[in-house]
Amino acid sequence: MTLTRAVELLRQGQVIGLPTETVYGLAGDGLNPAALARIFEIKQRPLFDPLILHFAEAEAAFSLAATVPPQARQLAERFWPGPLTLVLAKKEIVPDLATSGLPNVALRVPVHPVAQALLRAFGGPLAAPSANRFGRISPTDAAAVHTELGDAVPLILDGGPCNVGVESTVLDLSGEKPVLLRAGGISLEEIESITGPVERAQPVDARPQSPGQLKHHYAPRKPLHLVNEPGEIPVRPDSAWLAFGPVSDSFPGIVANLSPSSDLREAAAHFFRMMRSLDDDPRTQAIYAQLLPNCDLGRAINERLDRASARVET
Ligand code: AMP
Ligand code: MG
């Protein structure tokens with residue numbers, strides 16, 4: 001059976017493609033430095049960008065934290081299993097490679113049934129960053145993982161398309177006040193309903209003070225331009241429009257509509273797949289994306305659009 005094979009590979013220190021509700025992950029044994037090194041190698045991810053450890057349940061996750069503040073338990077109670085990652089002070093046993101040498105570890109309990117089944121069968125934490133080369137578009141179905149990583153992984157578990165579609169929300173609870181490190185599948189509004197006001201960390205250009213905050217990320221190969229209004233998009237057959245809401249029939253270019261009915265959840269679920277399809281479409285030279293309402297999941301999508309459109313400073 002595939003699950004047995006997956007566990008066998010993980011025990012050998014190999015890494016595999018894994019569906020979660022957010023995006024597909026590149027999963028390896030979270031406590032095995034050789035497996036963690038392989039993840040960084042395949043992704044070509046800089047070692048200063050720490051990994052999230054995934055668990056079947058909250059108690060297992062918290063067992064790797066040195067201290068678990070009451071807010072962490074409240075959030076876990078409300079949002080786990082689900083697309084929320086909590087950053088807490090780590091125990092000694094967590095390998096430095098998982099945390100990039102930081103004193104904190106990022107913990108998550110995913111809800112996807114295949115991820116849950118694998119975590120239970122494996123019986124330990126899995127590090128699982130998105131299954132794409134560093135900086136590129138995240139895969140949200142098994143075929144995209146295959147295109148992205150090809151033969152670099154011995155097995156890709158197929159759990160269908162991801163239904164959240166953007167990465168987990170990352171919340172740092174290691175300090176006095178909660179800090180949002182990354183907007184994601186659980187909205188800031190939902191988090192604040194439990195924690196009260198949350199501070200936001202700012203993305204940075206070079207080596208991040210708080211890792212994973214790089215300005216340039218999630219990027220297509222083609223130029224990506226952000227617009228506030230559809231009227232700003234050049235009316236040309238080779239324009240690709242990543243739209244949201246009603247679209248005029250007369251636009252001559254290629255349109256991918258994240259959600260014709262302006263539903264932010266639907267938009268998140270389609271986001272990376274549509275970016276990838278516009279990026280791969282030979283008829284287009286440049287992608288124009290409409291910024292979404294900056295609330296709920298729109299915030300997570302806008303954050304990704306912003307970083308995908310940022311040029312790398314040299
Ligand atoms: P991903 O690329 O989806 O695996 O998410 C990893 C991101 O989680 C990193 O880029 C950071 O933003 C955040 N993260 C993971 N571990 C830590 C940590 N120990 N301290 C702060 N942020 C972390
Ligand atoms: Mg990623």
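For Arg182 (side chain) and Ala300 (main-chain N/O), no donor-acceptor pair under 3.5 Å exists by modelled atom type. The main-chain N or O of Ala34 is never found under 3.5 Å from a side-chain atom of Arg38 such that the two would form a donor-acceptor pair. The closest donor-acceptor contact from the side chain of Asp296 to the backbone of Glu189 lies at 3.5 Å or more, if one exists at all. Under a 3.5 Å cut-off, the side chain of Glu192 and the backbone N or O of Val198 do form a donor-acceptor pair. Between the side chain of Asn257 and the backbone N or O of Gly245 there is at least one donor-acceptor pair closer than 3.5 Å. For the pair Lys222 (side chain) and Ile287 (backbone), a donor-acceptor distance under 3.5 Å is absent.
A salt bridge links Arg200 with Glu303; the closest basic N to acidic carboxylate O contact falls under 4.0 Å. The pair Glu59-Arg73 meets the salt-bridge criterion, with a side-chain N (NZ, NE, NH1 or NH2) lying under 4.0 Å from an Asp/Glu carboxylate O. Glu190 and Arg299 are not joined by a salt bridge, as no carboxylate oxygen comes within less than 4.0 angstrom of a charged side-chain nitrogen. With salt bridges taken as basic N to acidic carboxylate O contacts below 4.0 Å, one links Arg236 and Asp238.
Between Phe272 and Tyr218, a ring centre-to-centre spacing shorter than 6.0 Å is recorded.
By the neighbour-count criterion of 12 heavy atoms within 6.0 Å, atom NZ of Lys91 is densely surrounded, having more than that number from other residues, nucleotides or ligands.
Just one of Ser239, Pro230, Pro237 meets the side chain to side chain contact (heavy atoms under 4.5 Å, CB included) condition when paired with Phe251; it is Ser239.
The hydrophobic clustering, which links ILVMFWY residues whose side-chain heavy atoms are closer than 4.5 Å, places Val247 and Phe271 apart.
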With side chain to side chain donor-acceptor pair (under 3.5 Å) as the test, would you mind laying out the steps for Arg78 and Gln74 before giving the verdict? CA-CA 6 Å; Arg78 174 74 181 80; Gln74 287 161 3; over 6 Å; no

